[in-house]
Amino acid sequence: MTDIEELLLSRIRDVADYPEPGVMFKDITPLLADPAAFTALTDALAEIAGSTGATKIVGLEARGFILGAPVAVRAGVGFIPVRKAGKLPGATLSQVYDLEYGSAEIEVHAEDLAAGDRVLVIDDVLATGGTAEASVQLIRRAGAEVAGLAVLMELGFLGGRARLEPTLAGAPLESLLTV
């Protein structure tokens, strides 16, 4: 295990039975509260942004906003929020995707992505991959190229990577931690 992996893991708190019984929630708020750990995380994700040639960062609601915005600043690229449906004013593109029970919808401002943009998607956790997959589809529908997906933590036992790899079509999927 690398020093950064040890640092990040040491600042992630397990919360049992949240948000429902039987779930072990990975709380990143202690990591965000520690300036050294948050800086190390931001630097690591900004390095991924640079290596992928990203020109824009998409952050997925809501913790992807917290991680993605400082990465965009550090990498010197634009930041674009992908939000739950109905949260953005103006013209949007939307993408519906299936959840375990029912469906959800995400949106992006239509004018924020264009041909020529190389977009790195950033989020805190890769679980089943549904939201990330929908964001990749949304980015492509806007005419932009997907540079990759980067997450703080991948929950390997939920199979998100296997779901996403065909959709990513060769674009890298980077996770700093796998649990």
Side-chain angles (χ1 to χ4, degrees), residues 1-9 11-12 26 28-29 31-84 88 93 95 106-127 129-156 160-161 163-179:
M1 182 175 298
T2 66
D3 289 346
I4 188 169
E5 289 172 329
E6 285 184 31
L7 174 63
L8 297 176
L9 273 174
R11 301 303 188 273
I12 296 171
K26 301 292 188 183
I28 68 166
T29 57
L31 188 158
L32 300 174
D34 179 326
F38 194 18
T39 298
L41 172 59
T42 300
D43 289 346
L45 291 172
E47 189 174 307
I48 293 168
S51 71
T52 64
T55 60
K56 300 233 173 114
I57 301 292
V58 155
L60 303 182
E61 189 166 329
R63 289 179 296 269
F65 298 173
I66 297 168
L67 303 183
V71 169
V73 170
R74 182 69 45 88
V77 301
F79 175 77
I80 300 165
V82 167
R83 306 239 21 215
K84 294 174 184 167
L88 292 171
L93 289 174
Q95 183 72 39
I106 55 173
E107 294 180 333
V108 66
H109 274 135
E111 71 274 7
D112 288 347
L113 293 170
D117 286 331
R118 287 187 47 81
V119 182
L120 178 65
V121 178
I122 292 184
D123 205 3
D124 64 329
V125 174
L126 173 59
T131 306
E133 182 180 47
S135 72
V136 166
Q137 293 165 341
L138 192 58
I139 290 162
R140 289 193 178 125
R141 284 186 42 232
E145 182 182 347
V146 176
L149 171 69
V151 296
L152 164 59
M153 182 176 11
E154 178 178 349
L155 306 180
R161 180 176 290 269
R163 176 181 182 165
L164 277 172
E165 283 178 338
T167 303
L168 285 169
L173 168 52
E174 302 280 348
S175 58
L176 299 178
L177 303 170
T178 301
V179 294

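What you see is a predicted model, and the numbers here were worked out from it, not measured in a lab.
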**Message:** Looking at every heavy atom in both Gly68 and Ile57, which two are closest together, and how far apart are they?
**Reply:** O-CG2, 3.8 Å
**Message:** Nearest 0.5 angstrom please: Glu5 CD to Leu8 CG, how far?
**Reply:** 8.0 Å
**Fill in**
Shortest non-hydrogen pair, Ser135 vs Ala132, comes out as OG-O, 2.7 Å
**Asked** Is Ile122 close to Phe79 at the side-chain level, that is, under 4.5 Å between some pair of heavy atoms?
**Response** no
**Request:** Could you tell me whether the side chain of Leu32 reaches within less than 4.5 Å of the side chain of Leu67, counting heavy atoms only?
**Result:** yes
**Asked** With sequence neighbours excluded, what pairs up with Arg163 under the salt bridge (charged side-chain N to carboxylate O under 4.0 Å, His left out) test?
**Response** Glu133
**Nearest-0.5 Å distance that lies between atom CD in Gln95 and atom CZ in Arg140** = 11.5 Å
**Request:** Have a look at Met153 and tell me which of Leu9, Ile12, Leu176 forms a side chain to side chain contact (heavy atoms under 4.5 Å, CB included) with it.
**Result:** Ile12
**Request:** Can you establish whether the number of heavy atoms outside Gln137 located under 6.0 Å from its atom CD is more than 12?
**Result:** yes
**Message:** Among residues at least two apart in sequence or on other chains, which ones pass salt bridge (charged side-chain N to carboxylate O under 4.0 Å, His left out) with Glu61?
**Reply:** Arg83
**Request:** Could you pull out the closest heavy-atom pair between Arg141 and Leu93, with the gap in Å?
**Result:** NH2-CD2, 4.1 Å
**Request:** Considering non-hydrogen atoms only, spot the tightest contact between Lys56 and Val77 and give its length.
**Result:** N-CB, 4.1 Å
**Prompt:** What's the spacing between Glu6 CD and Ile4 CD1 if we round to 0.5 Å?
**Reply:** 11.5 Å
**Prompt:** So, do Leu113 and Leu138 sit near enough that their side-chain heavy atoms are less than 4.5 Å apart?
**Reply:** no
**Prompt:** Do side-chain atoms of Asp34 reach the backbone of Leu31 as a donor and acceptor pair under 3.5 angstrom?
**Reply:** no
**Message:** So Leu177 and Leu152, do their side chains get closer than 4.5 Å, heavy atoms only?
**Reply:** yes
**Prompt:** Can you tell me how far the OG1 atom of Thr131 sits from the CG atom of Leu60, to the nearest 0.5 Å?
**Reply:** 7.0 Å
**Min side-chain heavy-atom separation Val146-Val119 under 4.5 Å** = no
**Asked** For Ala37 and Leu7, which heavy atoms make the closest approach, and how far apart are they?
**Response** CA-CD2, 3.8 Å
**Item:** Heavy-atom side-chain proximity of Ile48 to Leu120 below 4.5 angstrom
**Value:** yes
**Item:** Beyond-backbone contact of Leu41 with Leu45, side-chain heavy atoms, under 4.5 angstrom
**Value:** yes
**Message:** Within the 4.5 Å heavy-atom criterion, are Ser175 and Arg161 side-chain neighbours or not?
**Reply:** yes
**Asked** For the residue pair Asp117 and Ala114, what are the closest heavy atoms and their distance?
**Response** OD2-N, 2.8 Å
